[in-house]
Amino acid sequence: MAASMELSLNNLPSDPLLLMLSFLDFRDLISCSFVSRRLNELSGHNPLWKGLCLKHWLLTESDKIQKVQTWKELFREFYTDLGRYIDHYGTLKKAWDDLKRYLDQQCPRMIASLKEGAKEEELDGIEAQICCKLSNDYRCSYRIHNGQKLVVPGLMGSMALSNHYRSEDLLDIETAAGGFQQRKGMRQCLPLTFCFHTGLSQYMALEGTEGRSRSEIFYHCPDQMAQDPSAIDMFITGSSFTEWFTSYVHNVVTGEYPIIRDQIFRYVHDKQCVATTGDITVSVSTSFLPELSSVHPPHFFFTYRIRIEMAKDALPENACQLDSRYWKITNANGNVEEVRGPGVVGEFPVMTPGKVHEYASCTTFSTTSEYMEGHYTFHRLKNKEEIFDVCIPRFHMVCPPFRESIVRSGLARDVSSASFNEDNSSDTDDHNEGELRGINMAAPGGRCPRHI
């Protein structure tokens, strides 16, 4: 029976067999090589392994030429070195390649701060040092690049207010291990990022303990109303290293996070937050600042960046000047506050054809979400009595998910933006002294005032 099956297999043409084998993963392809002499020969077919090399290791024809190897030999070489990361390598390597390609065009000096990948034995040594296992996707990323040098600006994004500056570096594994946490409230947590100016870090939980999930990434936020220093709330930024890193890279390379003065600013722009009135277009992007926020007491800090642009083809006689602003602010409980004031951040920009004016301001509130909308009032330069309003589109500011300390609740509890809503929102740009005038890059750390 077996002989007849082998005979019939040998009589089949190669093309349909190769087509069937092309649907197999490398493990199944290797298994097929032990079935018969014919399948052993076909399973070594170069194009089959070329596809697997591209899928798992992102290898190209130029890589093969440099190595002077067959595709199967090339696959085996990479698998021998990186086989434990085969489920992560392709995704993370692509993210790193996309990021470097984009930064090479937009801010090349940031690429110079990246470190070469760590060796396998170095990662093993770190695990022995901290007595805790690193996740495979974290290890995989650090085999590609071992974080970056401690420089400013940092790879993981910046934010600047008039008296506050944040820029996060992606820590190398040795520096991260030095900041590994064993204290109550932060046990088994490894820092991923660090900011020189604020001391802010994003942490990854290496174990599921104290109410955290394994591999969860978060900003820690001390409970200011608790007497126990181990009462630490968390603003959650990722469920795994891969999800955290790839989503950040996506926002960078798609232009969601703008490059301003050679730095990545973590503003989020909703494409619907654009309104055009006549020749003038207003668009808005926002960003949450965890280092100026807290869960207890509820104090959520946002900055927003507004771009006002006059169309290039507008008539010269349509030139105008901004006189005042009006805001309608609605919090999560439906309570409405209205704010009126002269100019924006103390300025009265003149708009001419093609002119762009950008400014940033900020707001705090005690509910987990709110939205703002309003209008600017302009007058024509040619005729000051011609006054008109320009719409500011509605934009939402929503606190990221957070988890209350297990010390406070007895059992850690996830909180979404749909709950935890109390009143007492603060004004926005009603007080000029607390606003950004453009974006002040020179300002070091420090807390912003509550009322802005």
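Keep in mind it's a predicted model, so treat the numbers as computed, not measured. Atoms considered below: every heavy atom in the structure, side chains included; atoms not considered: hydrogens, waters and symmetry mates.
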- Query: Do Gln148 side-chain atoms and Lys115 backbone N/O form a donor-acceptor pair below 3.5 Å?
  - Reply: no

- Using atom types as modelled and distance alone, determine if a side-chain donor or acceptor of Glu216 lies under 3.5 Å from a backbone N or O of Arg212. no

- Note on the structure: Lys50 meets the side-chain contact (heavy atoms from CB on, under 4.5 Å) criterion, sequence neighbours left out, with Glu61, Trp71

- Message: Under the rule for ring-ring contact (aromatic ring centres under 6.0 Å, His included), what residues qualify as partners of Tyr102, not counting sequence neighbours?
- Response: none

- Could I get the full list of side chain to side chain donor-acceptor pair (under 3.5 Å) partners for Lys93, not counting sequence neighbours? Asp97

- For His145, all residues meeting ring-ring contact (aromatic ring centres under 6.0 Å, His included), sequence neighbours excluded: Trp96

- Item | Pairing residues for Lys67 by the salt bridge (Lys or Arg N to Asp or Glu O under 4.0 Å) criterion, not counting sequence neighbours | Glu77

- Message: I'd like to know if the side chain of Thr367 reaches the main chain of Ser369, judged simply by a donor and an acceptor atom lying under 3.5 Å from each other, with no hydrogens or angles considered.
- Response: yes

- Item | Partner residues of Asp389 under the salt bridge (Lys or Arg N to Asp or Glu O under 4.0 Å) criterion, sequence neighbours left out | none

- Task: Go through the structure and list residues passing ring-ring contact (aromatic ring centres under 6.0 Å, His included) with Trp244, not counting sequence neighbours.
- Result: Phe241

- Under the salt bridge (Lys or Arg N to Asp or Glu O under 4.0 Å) test, residues paired with Arg307 that sit two or more places apart: Glu309, Glu358

- Quick one: list whatever passes side-chain contact (heavy atoms from CB on, under 4.5 Å) with Glu174, sequence neighbours left out. Asn146, Asp172

- Pairs touching residues 167-195 that satisfy ring pair (Phe, Tyr, Trp, His ring centres under 6.0 Å), sequence neighbours left out: Phe194-Phe196

- Can you sort out the partners of His88 under side-chain contact (heavy atoms from CB on, under 4.5 Å), two or more places apart, ordered by chain and number? Leu92, Asn136, Asp137, Cys140, Thr242

- Message: According to ring-ring contact (aromatic ring centres under 6.0 Å, His included), who are the partners of Phe288, at least two apart in sequence or on a separate chain?
- Response: Phe235, Phe302

- Message: Keeping Arg325 on the side-chain end and Gly374 on the backbone end, is there a donor-acceptor pair under 3.5 Å?
- Response: no

- Task: Could you tell me whether a side-chain N or O of Thr352 sits under 3.5 Å from a main-chain N or O of Lys355, the two making a donor and an acceptor?
- Result: no

